[in-house]
Every structure is written in structure tokens, then in C-alpha cells.
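Right, one structure below, let's go through it.
Here the structure is a predicted model, which is why all the values come from computation and not from measurement. The analysis underlying the following values was restricted to heavy atoms, covering all of them including side chains, and did not include hydrogens, waters or symmetry mates. Letters A, B, ... mirror the listed sequences (proteins, then strands); counts begin at 1.
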Number of protein chains: 2
Amino acid sequence: MLKTTMKIDDTVTILKLLGDKTRLTMMKIMDHYDCCVCELVEIFKVSQPAISQHLRKLRDLGLVKEERRGQWIFYSINKTHEYYPFIEQILQQLPSQADKLKALEEQGTRISCC
Amino acid sequence: MLKTTMKIDDTVTILKLLGDKTRLTMMKIMDHYDCCVCELVEIFKVSQPAISQHLRKLRDLGLVKEERRGQWIFYSINKTHEYYPFIEQILQQLPSQADKLKALEEQGTRISCC
DNA sequence: TAAGTATATAACTATTTGCTTATGAATGTA
DNA sequence: TACATTCATAAGCAAATAGTTATATACTTA
């Protein structure tokens, strides 16, 4: 059990971000795999701007980091974030979302950029 | 570290409820003290219906339970809830809100009903 | 029983949120 | 250079949210 003391306001901000199915699932996925935007678009069946906007909120808080690789921008969880242990604790209790990535591979979409 | 596996949808619902400063603070307080509605109204400086509506959302999910004691209705955390360990894990990392109750006592408001 | 206190619910409102489409900027390639 | 692809941003919209005031319900007490 962690013993971090978290500020209430910070905690509220983080929980609000995680309290969205798309973002929570994205975080769970990105906890294990770097993802480019187009993969996430495929997975969640929403528009590309919708994904970008979710990523922006996560990035604005520093919860994820981006890294350009040529044409693509890959996102991953920022494990150096002050509250990463807190977030990790939550993500660890969620079921693996590896099936979603597997579905992409089978469908051939993931290969397109990774 | 807990190893519970939580459904994504359930987790989202809970995090959404906790992602509100009033509700998160209420939960932290109720984790240690039974509270009647009027106390919470005093603490949060919002209208009584606002508090009742927050409590209803928490109660609808079973996260808190109510108990009438005469004229008052006391709310407390439902420690038998399937996901209570998950919630407790979050609450434990928050700073104590005991000062808010102490302020009530000094102000004489808490005594009125407890 | 009548009046007072505590709480819940209903109705309304302003703000926030998550999505969409349209468009711009950055990179890769013919 | 021209064109295609990837991603970000802007603008607009519908739904959700958190608050308010008004009112109903339940209990206590004079």
C-alpha cells in the first residue's frame, strides 16, 4: 500500500481525467505499449481529433509524454510523474487491454506504423 | 498492493464520482466519521440540496450508506462494497480532513446534532 | 395537533465536456 | 516541388454536470 500524501486538488484533477472510459483505457494500454495516435483511433472507433483532444488533456497534466518518430507521434505513460505511483496503482487493477492491440495486428492496422 | 481485478466500466463510474472535490472530500471525511447532512452543508458552504444530491449519487452506487437517527440521517462509507478496498486505497493517500470537523466543533455547529 | 428542524426531490440554469467537421502544420516520398 | 499521410487546433453542438431556489416529506417537540 502506498503512503504518498496527495493534494486533494491534484487528486481530483487526476481522477476526473481517469473517469472517462476512453482515457482510462488509453492509459491502461499506454502503460504497457507506446502508441501512435492512429492506433488509438483504430482501437476506439472515434475521430482522430477526439483522440488528440484526450491526449492533450493527459499531456497537459504531464501524465503522458510524446515522442515523434518520423511521421508518427508516439505516446506513452510518463513514469516519472509525481503521481505516477498513484496512477499505476489504479491501472494495475484493470484487466489487460492487450486484446485490443492484438485485434489491430490481426486486422493489419498496427503494422502500418509500428 | 491490491490485486483486485476491476471492470473498466465500474472503475470509470467510481472515478467519475470521486473526481469531484466536494464528493472526494466528503468520502474522505465519511471514511472516519459518520456525518449528518447538516454537518456537510456547514463544511462545504453549499446549499443543502447540493449536498443531498452528492450523497444520492454516492448512495445510488452503494458507496455510502445512510442511517436515520431520530431527526437526522447519518451517512458513512459502506465498507462492505465490492470496490471498497479500491476506494480506501485512494482515500488513504489524501490528507486528513479532520480539521474541517474540528472547525465545526469550535464553531459549535457539530454539537447541534451529534 | 401545530410548529420547527432535517432531508429529499423537482425544476431550472450556467458551465463543462466529449464529440463532430473543417482546416492548418509537419513530415515523408515520388 | 507536389502530393499524401499524420497529427493538432478551431469552432460548433448536444449531453452531462453541479449548482441554485422552491417545495414536499419525515421526524421532534411544545
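Among the nucleotides dT9(C), dC19(C), dC7(D), the one closest to any side-chain atom of S52(B) is dT9(C). Out of dA26(D), dA8(D), dC7(D), the shortest distance to the side chain of R68(B) is found at dA26(D). For V46(A), counting side-chain heavy atoms from C-beta on, the closest listed nucleotide (dA8(C), dT20(C), dT9(D)) is dT20(C).
Using a 4.0 Å heavy-atom criterion, one finds that K57(B) contacts the sugar-phosphate atoms exclusively. Here F44(A) lies out of heavy-atom contact (under 4.0 Å) with every strand. The residue R69(B) sits apart from the nucleic acid: no heavy atom pair falls under 4.0 Å. Backbone-only contact: R59(A) has heavy atoms under 4.0 Å from sugar-phosphate atoms and none from a base.
Straight-line distance from the CG atom of L55(A) to the P atom of dG18(C): 13 Å, rounded to whole Å. Regarding I51(A), its CD1 atom lies at a distance of 14 Å from the C1' atom of dT6(D), rounded to whole Å. One can place NZ of K45(B) at 15 Å from P of dG19(D), the figure rounded to the nearest angstrom. One interatomic measurement links the two molecules: CG of D20(B) to C1' of dA16(D), which rounds to 13 Å at whole-angstrom precision. D34(A) has its CG atom 13 Å from the P atom of dC7(D), to the nearest Å. Atom CE of M26(B) and atom P of dT7(C) are 12 Å apart (whole Å).
With hydrogens and angles ignored, a donor-acceptor pair closer than 3.5 Å exists between the side chain of Q53(B) and the base of dT20(D). For Q48(B) against dA8(C), a side-chain N or O and a base N or O form a donor-acceptor pair under 3.5 Å.
Of the side-chain N and O atoms in H54(B), none sit less than 4.0 angstrom from OP1 or OP2 of dT17(D).
A salt bridge links R69(A) to E67(A): one of the charged nitrogens lies within less than 4.0 Å of a carboxylate oxygen.
When the options H54(B), R56(B), Q48(B) are evaluated for a side-chain hydrogen bond (donor to acceptor under 3.5 Å, both in side chains) with S52(B), the one that passes is Q48(B).
Map K16(A) and Q71(A) each onto its nearest nucleotide of DNA chain C; the residue landing nearer the 5' end is K16(A). Both A50(A) and P49(B) lie near DNA chain C, and the one whose nearest nucleotide falls closer to the 5' end is P49(B).
Residue K79(A) qualifies as enclosed at atom NZ: its count of foreign heavy atoms under 6.0 Å is above 12.
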